[in-house]
Protein chains: 2
Amino acid sequence: MRISKKTEYAVHSVLYITFFKDRTVLLDELAAQGISREYLAKVMRLLTKSGILKSSVGVNGGYVLARSADEITLEDIFNAVEGDAFYKCESRSRKCGLAGKCGLTEAFNAARGMFLGELRKCRISDMLGKSVSDGSWLKKMNPVV
Amino acid sequence: MRISKKTEYAVHSVLYITFFKDRTVLLDELAAQGISREYLAKVMRLLTKSGILKSSVGVNGGYVLARSADEITLEDIFNAVEGDAFYKCESRSRKCGLAGKCGLTEAFNAARGMFLGELRKCRISDMLGKSVSDGSWLKKMNPVV
DNA sequence: GAGAGGATACTCGGATAGATGCTGTCCGAGTAACTGGGG
DNA sequence: CCCCAGTTACTCGGACAGCATCTATCCGAGTATCCTCTC
């Protein structure tokens, strides 16, 4: 069980957009972190479709937060990017006599609930405030202003 | 993020071995649940190497529990099978200014801790007791006696 | 009856291959703002 | 001054390829027990 790079890309991009929340952010800016531009575009689309970001096409287009940074949690981003594929009992398609009665699905769902609950405590606003309060690295790599 | 079939195979096999804990269990018996025999053998080796099961080769060989069923939790099996690959921050290999300071690793580790903690509450003995108390399905599919 | 040696019944573990999902690339389509020319 | 068409600057989204991991298969090697033969 592992977390894909997509999630890291998504979180860092949302942090970036949050820091420059008074303007739209370009895909090229985000890709300048060292992420494949076209691949990142797909990740951004996931975030847009799930209502975390708003995008606008055309000149002066780009991305902005769809809601306040303290209303966005790691859980939101995780769900948007990783989807909800997790565990599906396959015992029925085998000759397994347990046939879903072993309680494994319930146990894993409970554990997943605890996992998501912990992520829900992490607000993007807090993450930005803690780690990059002055935003020096962001300003340095910002090609626009 | 998804849980592999290996874990399901492992849990069901450990449940089976627990039910017949007064004798050794053959790989063929376990594979009779509808699992590829050779693939299951690799999963069993993971469980053996991590000290959940004991195996013996040769005639009358097979698998038995290495310790009491109430000292084996889902967390033990999960760790044995899924390993500990989970999340590794890649930002240093990119041009990312955060360079591991964004707190994402800490957040995911905390969430993983909660996940494992929930699995730790699940003892194999409880799972067997709850779901298959009479063991009818096990007796039915048991080719030995 | 006892010991030796072969047969048997198992797991171990490496090599291999197909399936699936992750990661990354390419490119045309669509859309909105800007620009410049003609009325 | 205004409108319209063309240009420009973006995102959208499908198609595709490379790669890692999961899943499965095959098979020889190793090992412990059992059986049989011989003395």
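A donor-acceptor contact shorter than 3.5 Å is absent between the side chain of B:Glu8 and the backbone of B:Lys5. A distance-only check finds no donor-acceptor pair linking the side chain of A:Arg2 to the backbone of B:Lys88 [under 3.5 Å].
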Walk me through it: do B:Tyr16 and B:Glu29 pass the test side chain to side chain donor-acceptor pair (under 3.5 Å)? CA-CA 9 Å; B:Tyr16 187 100; B:Glu29 282 181 77; 2.7 Å; yes
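Atom C1' of nucleotide D:dC10 and atom CD of A:Glu29 are separated by 13 Å, given to the nearest angstrom. When rounded to the nearest whole Å, the span between CG of B:Asp28 and P of C:dC12 equals 13 Å. Put simply, CG on A:Leu30 is 15 Å from P on C:dG24, counting in whole angstrom units. Put simply, CZ on B:Arg2 is 8 Å from C1' on C:dG21, counting in whole angstrom units. Straight-line distance from the CE atom of A:Met1 to the C1' atom of D:dC22: 16 Å, rounded to whole Å. Here D:dC26 presents its C1' atom at 12 Å from CZ of B:Arg37, a figure rounded to the nearest Å. Between the CD1 atom of A:Ile3 and the P atom of C:dT23 there is a distance of 11 Å, given to the nearest Å. In this structure, CD1 of A:Ile35 is placed 16 Å from C1' of C:dT25, rounded to the nearest angstrom.
Pairing each heavy atom of A:Cys102 with each of B:His12, the nearest pair is SG-NE2, 3.1 Å. Across B:Ala80 and B:Ile52, no two heavy atoms sit closer than the pair CB-CD1, 4.0 Å.
Linking Ile, Leu, Val, Met, Phe, Trp and Tyr residues whenever their side-chain heavy atoms come within less than 4.5 Å places A:Ile77 and B:Phe86 in a single cluster. A:Phe19 and A:Ile72 fall within the same hydrophobic cluster, where Ile, Leu, Val, Met, Phe, Trp and Tyr residues are linked whenever their side-chain heavy atoms come under 4.5 Å apart, directly or through other members.
Of the side-chain N and O atoms in A:Tyr39, none sit less than 4.0 angstrom from OP1 or OP2 of D:dA17. Residue B:Ser36 places none of its side-chain N or O atoms closer than 4.0 Å to OP1 or OP2 of D:dT23. For A:Ser56, no side-chain nitrogen or oxygen approaches OP1 or OP2 of D:dC10 to under 4.0 Å. OP1 and OP2 of C:dC10 both lie 4.0 Å or more from every side-chain N or O belonging to B:Ser55.
Only A:Arg45, listed by number, bring a heavy atom of residues 43-54 of chain A to less than 4.0 angstrom from any atom of DNA chain D. Listed in residue order, the members of residues 59-66 of chain B having a heavy atom less than 4.0 Å from DNA chain D are B:Val59, B:Asn60.
Atom CZ in A:Phe115 sits 9.0 Å away from atom CZ in B:Arg112 (nearest 0.5 Å). Going from atom CD1 of B:Ile35 over to atom CG of B:Leu40 covers 5.0 Å, rounded to the nearest 0.5 Å.
The residue among B:Glu82 and B:Gly58 whose nearest nucleotide of DNA chain D lies closer to the 5′ end is B:Glu82. Along DNA chain C, the nucleotide nearest B:Leu27 and the nucleotide nearest A:Lys5 are compared for position; the residue whose nucleotide lies closer to the 5' end is B:Leu27.
A salt bridge links B:Lys121 with B:Glu118: at least one charged nitrogen is closer than 4.0 Å to a carboxylate oxygen.
Residue A:Lys42 places a side-chain atom within donor-acceptor reach of the base of D:dG14, judged by atom type and a 3.5 Å distance cut-off alone.
Checking D:dA24, C:dG24, D:dC10 against every side-chain atom of B:Tyr9, the shortest atom distance belongs to D:dA24. Set against D:dT11, C:dC22, D:dC22, the side chain of A:Ser4 has C:dC22 as its closest nucleotide.
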